[in-house]
Amino acid sequence: MSETKISRLPIYAVATTVLFKLLFLLTHYIQEDAFITWRVAQNLLDYGVIGFNGDTKISASTTHLYVFVSYFFNLIFGKEHFIEPLLIFNSILFTIGTLFLSNLVLKNPWHKAIFIFLLGILPPGIKISILGMEYGILFFLEMTLLYYGFHQQKKWAFIILPILILFTRIDTVIFLGIVFLVDLFWNKKIRWNYVLGGILGVLTTVAFNWFYFGELVNNTIVAKKLLYDHSFNFQQNLNYFIISFGNFWGMLKLPGNFNIITIVVLIFELVCFIYLIRQRDKRNYFLWMIFIFGWAKQLIFLSQKSLFDWYYWVPQLLLFVPVLIFVLEQKEKRNWWISSLAVFYILPMLAFQTVHSIATGNGEWNYRRTIGLFLNTYEKDKNQWILLEPAGYVPYFSGLKTIDEVGLVDKQIQAEAIKDKKHYWINTVEKRKPKYLLSYDNLFKGKDAEYYQIHYKLLKEFRVKDHLKSNNKILEKIYILKPSGTDYNLYERVRD
């Protein structure tokens with residue numbers, strides 16, 4: 001193979017990885033919260049307002065930049081056809097991000113190509129690409145900053161990219177801060193153009209929130225803190241951290257609080273990282289950045305009881321980078337090392353993610369989506385309200401105005417939670433009289449059963465077990481092996 005073709009191997013790897021992951025589009029596994037962002041984008045398209053319920057402004061999505069990107073994809077491809085192009089776009093950006101990362105930590109084109117493909121088919125790489133969240137764009141922007149800013153020394157990167165990164169997610173201040181500290185320690189000087197970019201990024205995001213929504217931080221952050229905040233003592237916090245660590249630190253979740261695979265991989269990641277930085281290579285500059293960020297991000301979010309899987313996707317990948325470098329650069333028995341990594345970790349992880357995507361895709365797309373489609377057909381008046389949780393699939397596909405339990409898309413329910421957190425659901429129902437209630441529970445039993453029996457009727461029951469069948473026996477076995485979803489009861493108001 002000629003030198004020109006060899007040098008292009010990483011580009012070929014990007015294309016191959018993107019094409020390979022297109023197979024996961026067939027699973028229809030799309031994260032619930034993606035539909036919140038997409039409804040906000042469509043609300044902007046229909047009403048000219050960034051909101052969720054018509055002309056009411058609310059930052060119902062955690063990400064501003066991705067709302068605007070989704071808006072343009074809706075505008076170009078239409079509401080019925082934008083999802084697949086957007087998911088492919090996310091996958092391409094993420095994979096280009098892995099290309100930039102490979103250029104920072106590897107020299108051999110073959111190593112870069114293998115690195116790009118293996119990193120891309122790990123569970124977080126697949127989820128970032130295919131689940132519809134903003135992390136494909138975010139990973140691309142972060143790696144672009146490291147490559148063009150701190151590697152290529154492009155001044156524009158220090159100014160523009162922090163603004164875009166913070167406008168995508170405000171919690172990226174952790175990433176930007178870690179990069180700043182490592183750079184300061186490494187070069188013994190302050191990079192003032194980067195500081196300016198960070199300041200402009202914070203000011204842009206905060207100013208947008210304040211002047212458009214009248215708030216300093218996104219409503220989603222305020223709502224989650226209000227509903228999920230608990231007063232724990234030290235021992236309770238420690239126990240909660242240990243439980244969360246077993247479920248969110250590693251790529252593979254197992255039943256129970258103790259996950260031996262996570263512990264083993266974590267130790268191997270540390271060993272590989274220490275081995276690499278002892279070589280005193282120039283790339284250590286970037287290894288320190290991504291590794292400290294990975295630890296810092298996970299520790300901060302775990303300590304804050306942030307129990308959402310997507311917060312940990314990027315750190316999980318970045319912490320695994322030293323393992324891939326260590327294996328790829330082995331001088332002796334390299335093929336054995338690569339084969340062992342593939343057989344004992346990469347392929348099992350890929351198999352796990354495939355089963356998980358198929359099962360969860362069935363639970364979300366083939367089950368939860370049908371609730372929204374049923375309501376879309378049943379209720380023609382889209383000004384009617386529904387109270388439910390969560391606010392993704394059902395509101396998106398039903399088109400109904402929505403009150404969610406957490407208050408991501410509706411601020412009035414937050415006010416009820418502040419007044420009386422224990423009874424905020426029933427108080428909201430009594431005051432606002434939503435036409436539909438979608439609940440995990442049987443509302444005709446329990447403390448407020450009499451009120452519900454008088455004012456509502458059970459319209460339809462939705463059960464997970466009714467969606468575990470398939471003409472394909474392999475798919476059916478996967479559905480039964482890992483049933484995904486929650487049973488719901490749908491109620492309709494019959495009197496005021």
Is the number of heavy atoms from other residues, nucleotides or ligands within 6.0 Å of NZ (Lys107) greater than 12? no
Within the supplied structure, the quantity of interest is the number of heavy atoms (other residues, nucleotides, ligands) at a distance under 6.0 Å from Gln153 CD; does it exceed 12? yes
Would you check if Met133 and Thr37 make a side-chain contact, meaning some heavy-atom pair closer than 4.5 Å? no
How would you list, by chain and number, every residue that makes a side-chain contact (heavy atoms from CB on, under 4.5 Å) with Ile160, sequence neighbours excluded? Trp156, Leu164
Given Tyr396, which partner from the list Arg39, Arg369, Gln42 fulfils the side chain to side chain donor-acceptor pair (under 3.5 Å) test? Gln42
Going by side chain to side chain donor-acceptor pair (under 3.5 Å), name the residues that satisfy it together with Tyr345, two or more places apart in sequence or in a different chain. none
Can you list the residues that meet the ring-ring contact (aromatic ring centres under 6.0 Å, His included) rule with Phe150, with sequence neighbours excluded? Phe158, Tyr194
Heavy-atom nearest pair, Ile178 first then Ala296, reads CD1-CB, 4.1 Å
How close do Val206 and Leu216 get, counting heavy atoms only, and between which atoms? CG1-CD2, 3.7 Å
Considering all heavy atoms, the nearest Pro123-Gln353 contact: CB-OE1, 3.3 Å
Looking at Ser470, is its backbone amide N or carbonyl O close enough to the side chain of Glu476 to form a donor-acceptor pair, meaning the two atoms are under 3.5 Å apart? yes
Can you find a pair of side-chain heavy atoms, one from Asp171 and one from Thr62, that are under 4.5 Å apart? no
Does Thr172 reach the main-chain N or O of Ile165 with its side chain, forming a donor-acceptor pair under 3.5 Å? yes
Could you tell me whether the side chain of Asn362 and the main chain of His467 form a donor-acceptor pair under 3.5 Å? yes
Residue list, side chain to side chain donor-acceptor pair (under 3.5 Å) with Arg463, at least two apart or on another chain: Asn489
Check: Leu25 and Ile88 side chains under 4.5 Å, non-hydrogen atoms: yes
Quick check on Ile260: does its CD1 atom have over 12 non-hydrogen neighbours (other residues, nucleotides or ligands) under 6.0 Å away? yes
Might you point out which heavy atoms bring Ala157 and Pro162 nearest each other, and give the distance in Å? O-CD, 3.3 Å
Verify, without hydrogens or angle tests, whether Thr98 (side chain) and Thr95 (backbone) share a donor-acceptor contact under 3.5 angstrom. yes
Is it true that a side-chain atom of Ser91 and a backbone atom of Leu87 form a donor plus acceptor pair closer than 3.5 Å? no
I'd like to check the side-chain contact (heavy atoms from CB on, under 4.5 Å) partners of Asn43; sequence neighbours left out, ordered by chain and number. Tyr47, Val49
Suppose we screen for ring-ring contact (aromatic ring centres under 6.0 Å, His included). Which residues come up paired with Tyr393, at least two apart in sequence or across chains? Phe35
Flag side-chain contact, heavy atom, 4.5 Å: Val105 against Leu324: no
Phe73-Trp38 aromatic ring centre distance below 6.0 Å: no
Working to the nearest 0.5 angstrom, can you tell me the gap between Leu19 CG and Ile92 CD1? 9.0 Å
Hey, is the main chain of Asn219 close enough, under 3.5 Å, to the side chain of Ser59 for a donor-acceptor pair? yes
Answer yes or no: is there a donor N or O on one side and an acceptor on the other, between the side chain of Ser303 and the main chain of Ile300, under 3.5 Å? yes
Report yes if the side chains of Leu145 and Phe175 come closer than 4.5 Å at any heavy-atom pair, otherwise no. yes
Salt bridge (charged side-chain N to carboxylate O under 4.0 Å, His left out) partners of residues 29-38, not counting sequence neighbours, each pair once: Glu32-Arg368
Tell me which one of Leu122, Thr262, Leu319 satisfies side-chain contact (heavy atoms from CB on, under 4.5 Å) with Met251. Leu122
Got a second to check how far Phe320's CZ is from Phe268's CZ, nearest 0.5 Å? 8.0 Å
Just to verify, what does Ile159 make a side-chain contact (heavy atoms from CB on, under 4.5 Å) with, not counting sequence neighbours? Asn193, Leu196, Leu200
Heavy-atom check, side chain of Phe139 versus side chain of Leu101, under 4.5 Å: yes
Does any N or O in the side chain of Asn90 come within less than 3.5 Å of the main-chain N or O of Ile128, such that one atom is a donor and the other an acceptor? no
Is there a donor-acceptor pair closer than 3.5 Å between any side-chain N or O of Thr370 and the backbone N or O of Tyr367? yes
Verdict with supporting geometry, Phe286 and Val182, side chain to side chain contact (heavy atoms under 4.5 Å, CB included): CA-CA 9 Å; Phe286 297 105; Val182 172; over 6 Å; no
Measuring from Ile116:CD1 to Asn103:CG, what's the distance to the nearest 0.5 Å? 7.5 Å
For Arg334, is the CZ atom crowded, meaning more than 12 foreign heavy atoms sit under 6.0 Å from it? yes
Check: Phe397 ring centre within less than 6.0 Å of Trp365 ring centre: yes
Smallest heavy-atom separation, Leu99 atom then Pro10 atom, equals CD1-CB, 3.5 Å
Charged N-O contact under 4.0 Å between Lys297 and Glu142: no
Around atom NZ of Lys282, are there more than 12 heavy atoms from other residues, nucleotides or ligands closer than 6.0 Å? no
Validate the cation-pi geometry between Lys21 and Phe94: distance from NZ or CZ to the six-membered ring centre under 6.0 Å, angle to the ring axis within 45°. no
Please indicate whether Phe208 has more than 12 foreign heavy atoms, meaning atoms of other residues, nucleotides or ligands, lying under 6.0 Å from its CZ. yes
Among Lys127, Gln31, Arg169, find the one that has a side chain to side chain donor-acceptor pair (under 3.5 Å) with Tyr135. Arg169
Tell me, please, whether Tyr479 has Lys477 positioned over its six-membered ring: NZ or CZ under 6.0 Å from the ring centre and within 45 degrees of its axis? no
Excluding sequence neighbours, so at least two apart, what forms side-chain contact (heavy atoms from CB on, under 4.5 Å) with Asn187? Asp183, Lys189, Arg191, Tyr285
Give the C-alpha distance, both sets of side-chain angles, the deciding distance and a yes or no for ring-ring contact (aromatic ring centres under 6.0 Å, His included) between Tyr29 and His356. CA-CA 9 Å; Tyr29 178 23; His356 178 72; 5.4 Å; yes
Does any part of the side chain of Leu166, heavy atoms only, come nearer than 4.5 Å to the side chain of Thr204, both counted from C-beta? no
Search all heavy atoms of Gly125 against all heavy atoms of Ser129 and return the closest pair with its distance. O-OG, 2.8 Å
Sidechain-backbone polar pair: Tyr66 side chain, Gly132 backbone, donor-acceptor under 3.5 Å: yes
Residues forming a ring-ring contact (aromatic ring centres under 6.0 Å, His included) with Phe301, sequence neighbours excluded: Tyr311
Is any side-chain heavy atom of Thr168 less than 4.5 Å from a side-chain heavy atom of Phe140? no
With sequence neighbours left out, what residues match Phe273 under ring-ring contact (aromatic ring centres under 6.0 Å, His included)? Trp288, Phe291
Those residues that, when tested against Thr63, pass side chain to side chain donor-acceptor pair (under 3.5 Å) (two or more places apart): none
